[in-house]
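A, B, ... follow the sequence lines: proteins, then strands. Residue 1 opens every chain.
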Amino acid sequence: MSAPHRPISALAEQVGQTVTLKGWVYNTRYGKGLAFVEVRDGSGIVQVVVSEEEVSAEAWRAAQDATQESALEVVGTVVEDKRQTGGVEVRATDVTLVSLAEPYPITPKEHGVEFLMDRRHLWLRSRRQWAIARVRNRIIMSIHAYFQEDGFIQMDAPILTGNAVEGTSTLFELDYFDEPAYLTQSGQLHGEAMAMAHGKIYTFGPTFRAEKSKTRRHLTEFWMIEPEMAFHDLAMNMEVAEGLLQRIVRDALADCADELEILERDTSALEASTATPYPRLSYSEAVELLTSEKTQEMLRAEEADRQREKAELEEERDANAARYGQAKKGEKRRIDARRIEIDKRLAQIEEDLRNLPRWMESAASFEWGADFGGSDETVLTRHFDRPIIVHRYPAAVKAFYMKRDPEDDRLALGMDVLAPEGYGEIIGGGERATDLEFLREQVEAHGLPESAFDWYFDLRRYGSVPHAGFGLGLERTISWVCGLQHLREAIPFPRLIGRLHP
RNA sequence: GCCUCGGUAGCUCAGUGGUAGAGCAUCCGGCUGUUAACCGGACGGUCGUUGGUUCAAAUCCAACCCGGGGCGCCA
């Protein structure tokens, strides 16, 4: 039986004690008679110092052999050292190699997206991916806590379904004992049935969309949280959504400070989202803001900002290039690294400069009745420092089950929550129609097969009540909180068009 | 489906018609405290594929394959 070992995250409380660590080699550095081995164990990373004079020949050999990601068992003394992250290091008295790793493909240097995605199973070990997974876990727990503490019951909607909910999205079709079946694109309709049994429920499960989207905001398989509440109207629905996001951000800021620092997240940008209320704009108000001179001014200012930043970066790049020839090696590496950064940022600025005129055009020419495009949503959110709730959309652009606004029949009581900083729609939902005849008409008008909805119509026959709910996209929420550039980092094994492996 | 950018060493990239390059990784040697350690050396290439232009193609042209980003759609 092997010795009991301690998690690295607990070492700070064990200064002066002898401990046993089990983990993997994250990085190594060597001096004469001295080896520095960074060990990670899933809970954290610590530097182990191995001195040739202080350990056996076998242990010294093991430290020399330890390639990146080799598995190790280390016995040593915890020593305070303020230079280290975590404030401690371990002075080894014994090192045993559990397994020697072959040359590891993911080095501590830069890698491209395709290379890393092909090795996603290994990439998960990297510090940044580790931090994202921990924030994901924190967010999941916050969601459960928020609902559980408020009397919601977690229930599961089926993943295999016989019909498309909204009739618009492209679904993954499969063969179900010679019948066509689909992977669910939403658990909402079943959620409504469960809410009529329990009052307040939420589902937490995978969702599938077969759209051939190639953007940083789309996955073909993602996780969605869908609360559904009986005796709730649109205003109450907004309060639930707002409270949920507030809880998620508060918990992440309170409990994931280290992770967000690893991710270099600007947490001050998240602070505003811990305070409610979040601004509520009706669709019509949003259209007014979108087409306003204020929006044009904001976008012009943004364009000028980009131009200025572009000029500054180009100047810095040229200055670096000029002194590159005489620079020493270490300096050259710094310049190279900085140039990669500058080039990346410049590419983004070029893209923004191409996009901004189109955004201005799209915003200015927007006409009441249309659905917002991605850029319109982004433009709207730039006026605010926290999520905004847009409600009462034209019925024509929303799903068949939405309740109409009693004060304006052109409108549906739907709502979208748009995250700040360009993260877009993270919540979509609304108040559901309660009238059987209205729903029948809508199903027909949308060209959907009435037979598929017989059970759904029953919910309006037997005790139909006002009710509402929404869907929260987990990965989009994680991306926002973590400040990610792409949704694919927010889930352990992302499924995208052209990506089913590993 | 459309638009756009890209594919050069294991990795990240430079190389715009004239003998294929750098840093890192790997291996060897050096250095008692390193933080993407550093210093010296070695190893490492059908320049995505096919065809064309040319005395000569990584470089120019065409088609195709693969990937990034954007639009539409949406969480």
Identity of whatever pairs with [N] - Watson-Crick or G-U, under 3.5 angstrom:
{"N": "B:U34", "result": "none"}
{"N": "B:A58", "result": "none"}
{"N": "B:A9", "result": "none"}
{"N": "B:C2", "result": "B:G70"}
{"N": "B:G17", "result": "none"}
{"N": "B:G44", "result": "none"}

So what does [X] hit on the nucleic acid, given a heavy-atom distance under 4.0 Å: a base, only sugar-phosphate, or nothing?
{"X": "A:Y30", "answer": "base"}
{"X": "A:R216", "answer": "sugar-phosphate"}
{"X": "A:D416", "answer": "nothing"}
{"X": "A:G33", "answer": "nothing"}
{"X": "A:E226", "answer": "nothing"}
{"X": "A:G424", "answer": "nothing"}
{"X": "A:E53", "answer": "base"}
{"X": "A:D352", "answer": "nothing"}
{"X": "A:L472", "answer": "nothing"}
{"X": "A:L487", "answer": "base"}
{"X": "A:F36", "answer": "base"}
{"X": "A:I426", "answer": "sugar-phosphate"}

Counting distance alone, no hydrogens or angles: does the base of [N] have a donor or acceptor under 3.5 Å from a partner atom on the side chain of [X]?
{"X": "A:T107", "N": "B:C11", "answer": "no"}
{"X": "A:Q47", "N": "B:U34", "answer": "yes"}
{"X": "A:E114", "N": "B:G6", "answer": "no"}
{"X": "A:R476", "N": "B:C74", "answer": "yes"}

Under 3.5 Å donor-acceptor, [X] side chain and [Y] backbone:
{"X": "A:E475", "Y": "A:W223", "value": "yes"}
{"X": "A:H486", "Y": "A:R488", "value": "yes"}
{"X": "A:D118", "Y": "A:F115", "value": "no"}

Taking only the [atom1] atom of each, what is the distance from [N] to [M] in whole angstrom?
{"N": "B:G52", "M": "B:G67", "atom1": "P", "answer": "28 Å"}
{"N": "B:C11", "M": "B:G70", "atom1": "C1'", "answer": "27 Å"}
{"N": "B:A57", "M": "B:U19", "atom1": "P", "answer": "12 Å"}
{"N": "B:G6", "M": "B:C74", "atom1": "P", "answer": "32 Å"}
{"N": "B:C43", "M": "B:C24", "atom1": "C1'", "answer": "14 Å"}
{"N": "B:A20", "M": "B:C13", "atom1": "C1'", "answer": "14 Å"}
{"N": "B:C66", "M": "B:A56", "atom1": "C1'", "answer": "30 Å"}
{"N": "B:A63", "M": "B:A14", "atom1": "P", "answer": "25 Å"}

Worksheet item: Of A:R499 and A:S375, whose nearest nucleotide on RNA chain B comes first from the 5' end?
Response: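 Counting from the 5' end, the first nearest nucleotide belongs to A:R499.
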Worksheet entry | 5' precedence on RNA chain B between A:N355 and A:Q68 (nearest-nucleotide basis) |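 Looking at the nearest nucleotide for each, A:Q68 comes out on the 5' side.
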Among the nucleotides [options], which one has an atom lying closest to any side-chain atom of [X]?
{"X": "A:T215", "options": "B:G33, B:A75, B:G72", "answer": "B:G72"}
{"X": "A:H111", "options": "B:C11, B:G33, B:A75", "answer": "B:C11"}
{"X": "A:K212", "options": "B:C74, B:G67, B:G1", "answer": "B:G1"}
{"X": "A:S213", "options": "B:G69, B:C73, B:A75", "answer": "B:C73"}

Worksheet item: Do the charged groups of A:E489 and A:R120 touch, with an N to O distance under 4.0 Å?
Response: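 No, this pair does not count.
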Would you kindly give the [atom1]-to-[atom2] distance between [X] and [N], to the nearest whole Å?
{"X": "A:F222", "N": "B:C73", "atom1": "CZ", "atom2": "P", "result": "16 Å"}
{"X": "A:K214", "N": "B:G72", "atom1": "NZ", "atom2": "P", "result": "16 Å"}
{"X": "A:F115", "N": "B:G48", "atom1": "CZ", "atom2": "C1'", "result": "18 Å"}
{"X": "A:I497", "N": "B:C66", "atom1": "CD1", "atom2": "P", "result": "11 Å"}
{"X": "A:E102", "N": "B:U26", "atom1": "CD", "atom2": "P", "result": "14 Å"}
{"X": "A:F208", "N": "B:A75", "atom1": "CZ", "atom2": "P", "result": "16 Å"}
{"X": "A:I225", "N": "B:A75", "atom1": "CD1", "atom2": "P", "result": "13 Å"}
{"X": "A:E211", "N": "B:C2", "atom1": "CD", "atom2": "P", "result": "18 Å"}

Worksheet item: At what distance, to the nearest 0.5 angstrom, does CZ of A:F208 lie from OG1 of A:T184?
Response: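 Reported to 0.5 Å precision, the distance equals 8.0 Å.
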Worksheet item: Picking from A:Y393, A:Y283, A:F470, what satisfies side-chain contact (heavy atoms from CB on, under 4.5 Å) with A:M415?
Response: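 The side-chain contact (heavy atoms from CB on, under 4.5 Å) with A:M415 is passed solely by A:F470 among A:Y393, A:Y283, A:F470.
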Discussion item. Other residues, nucleotides and ligands only: do more than 12 of their heavy atoms fall within 6.0 Å of CD on A:E80?
Written reply: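 No, CD of A:E80 has 12 or fewer neighbouring heavy atoms, counting only those of other groups under 6.0 Å.
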Worksheet item: Taking everything shown except A:E173 itself, do over 12 heavy atoms lie less than 6.0 Å from its CD?
Response: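 It does: A:E173 CD has more than 12 such atoms within range.
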Worksheet item: A:E421 pairs by salt bridge (charged side-chain N to carboxylate O under 4.0 Å, His left out) with which of A:R382, A:R476, A:R265?
Response: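 When A:R382, A:R476, A:R265 are each tested with A:E421, the salt bridge (charged side-chain N to carboxylate O under 4.0 Å, His left out) holds only for A:R265.
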